[in-house]
Amino acid sequence: MSILPLRSSEAAFERADPLAVRIKGLKRAFDGRAVLDGVDLDVRAGEFVALLGRSGSGKSTILRILCGFDTEADGEMQVARQRSIVFQEPRLQPWLRVLDNVTLGLRERDAAERGRAALDEVGLLPRARAWPVTLSGGEAQRVGLARALVREPDLLLLDEPFGALDALTRLRMHALLRTLCEAHRPAVILVTHDVDEAITLADRILVLSDGRISLDIENRVSQRSARTDPVFEEQRAQLLTELGVR
Amino acid sequence: MSPNPATVTSLPLARLPSIAEGAAPSRPAPDKPVALEDMRLSGSRRVRRQVPQPLLRLAAPLGFLAIWQIVAALGLVDSRSLTSPLAVIEAAAALWSVGDLQRHLLASLYRVVWGLALGIGSGLTLAILAGLFRWGEHVVDSSMNIVRMVPVIALLPLIIVWMGIGEPAKIALIVLGVTFPVYMNSFAAIRGVDQKLVEAGQAFGLSRWGLVRRVILPGAVPGFLVGLRWALGAAWLLLFFAEQINADRGIGYLINQAQAWNRTDIIILGLVIYGIFGFAGDQLVRLIERFALSWRKGFQGA
């Protein structure tokens, strides 16, 4: 775990319950308009958290702060040092072949070997030498997943990673993500505005509104058979209400 | 956040009238008749025999040459104002046989190659300094933008005062002309590299040098190549001006001499040589593009 004190903090860490993220009183304003207004959030190691919110609610801002892209926030924050991210657009370097994209920034000797293994996990080993422009949207996003997982993160940040995919590809990506998370057990923060996606994937669902976490519930829907679970509709209605849709 | 097709499925669908609720099983047809159009479908029959592209591209210039030769051969224009293509070839052969043509060609090539090499080097160096460092931008970019506005030819008197009228002055003129297009395009390209890709590079632990090497410079290559194209054009233009100052060899000198003797065949020979060199340079840049930008076209590679 690395300590990222936004203000000075020497945060005592509770060893008993290993956390991947600990956020206290996180505030961020853009031009005087408070987007995050005191967010408290703990994520346990290995926990899959979905963060829902309307567009503009600041959910992506939280991810950017967790990533270290945005350092102009106030509050206390501790984040797993081993963390990686999958963006909404794949953000592959177009001039690097698929494998080189996966191993980007890795300094280990066996980087290429690990990159191949990660590509194999997402089913794209045959495309290791391809240029990113030749990939379909789903394939590019799978390369993005491989690039994140090859770093063996304790914390995986997903910024609407399936938002730009078609509905069928998205379903297959959900299954793939579930398998990968079971194999690697990182803590996951999935930012999304898709309630169904949150219910089918997460252990815990948060709703961000007015700059705070306004709802924090355990996902009671069985993930093996989410759609047929009677709790599904009930929980969906609860989340949609919180998001102001119903 | 872009509009997301999946959220559509989250909308309450129950409000749509369904058959079970007793709505009409199908909507009535509109009163207005629908005009149907016959579409002509040609299937795969329309495949024509393909003439190779290079031949097609050569057809127009060759046709032009043929017409020119015919016009000249029929004596429709005064041969002192315009010679025939054949006369140009004869002039080239005559100059070649006494070794003059080679001498002029080599002199011009020497100037252009040195001018390009030094100009590309300085333009690229300045662009990298200004593109990667804030202080570099403050120091370099403002000055470059001021100097850029001065016509390069207008610097010629100053160059002559400083460097005399020998080879260095000629090369210096070309260097100046090449530096600016290379600088402007490369600087803009470095600054134009997608911020999202830079962020991704940072997120995955690239060092500052790693970012430069794997993200910023590769991303700036297309812009640099545009600058290179402009630079080639500038180099040939300025070569001609450079060869007006106290030259005793070079294609520009050859053309100038020919003008004094009313030898339009040699003048046109000089122009053709410029054209061929310019074309060859452009082809070279295309070749570089095919290698450096293969990721764009999506070649699979080996």
Q) Do A:Glu197 and A:His174 meet the criterion of a side-chain donor-acceptor pair at a distance under 3.5 Å? A) yes

Quick one: what part of [X] sits under 4.5 Å from any heavy atom of chain B, side chain, backbone, both or neither?
X: A:Leu92; answer: backbone
X: A:Leu104; answer: both
X: A:Arg147; answer: both
X: A:Glu89; answer: side chain
X: A:Arg91; answer: both

How many angstroms lie between [atom1] in [X] and [atom2] in [Y], if you round to the nearest 0.5 Å?
X: A:Leu180; Y: A:Met173; atom1: CG; atom2: CE; answer: 9.0 Å
X: B:Asp141; Y: B:Arg148; atom1: CG; atom2: CZ; answer: 9.0 Å
X: A:Thr61; Y: A:Phe30; atom1: OG1; atom2: CZ; answer: 4.5 Å

Q.
Between A:Glu233 and A:Arg236 (salt bridge meaning N to carboxylate O under 4.0 Å), is one present in this structure?
A. yes

Q | A:Arg64/B:Glu199 ion pair, N-O < 4.0 Å | A | yes

Q: Only one of A:Leu96, A:Leu119, A:Leu145 passes side chain to side chain contact (heavy atoms under 4.5 Å, CB included) with A:Val102; say which it is.
A: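 Going through A:Leu96, A:Leu119, A:Leu145 one by one, the side chain to side chain contact (heavy atoms under 4.5 Å, CB included) with A:Val102 is satisfied by A:Leu119 alone.
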
If you define the side chain from C-beta out and look only at heavy atoms, does anything of [X] sit under 4.5 Å from [Y]?
X: A:Asn219; Y: A:Phe48; value: no
X: A:Val143; Y: A:Val122; value: no
X: A:Leu124; Y: A:Val98; value: no

**Q.** residues 201-237 of chain B: residues contacting chain A (heavy atom under 4.5 Å, by number)
**A.**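 Contacts with chain A: B:Gly201, B:Ala203, B:Phe204, B:Gly205, B:Leu206, B:Ser207, B:Arg214, B:Val215, B:Pro218, B:Gly219.
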
Q | Residues of residues 173-196 of chain B with any heavy atom under 4.5 Å of a heavy atom in chain A | A |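 Interface residues of residues 173-196 of chain B: B:Lys196.
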
(Q) Please identify, among A:Ser84, A:Ala148, A:Pro94, the residue contributing the most non-hydrogen atom pairs under 4.5 Å to chain B. (A)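 That would be A:Pro94.
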
Q: Start with the C-alpha gap between B:Asp282 and B:Arg286, add the side-chain angles, then the distance that decides, and say whether salt bridge (charged side-chain N to carboxylate O under 4.0 Å, His left out) holds.
A: CA-CA 6 Å; B:Asp282 208 55; B:Arg286 275 169 195 253; 3.8 Å; yes

Q | Nearest non-hydrogen partners of A:Asp154 and A:Ala20, listed with the distance | A | O-CB, 4.2 Å

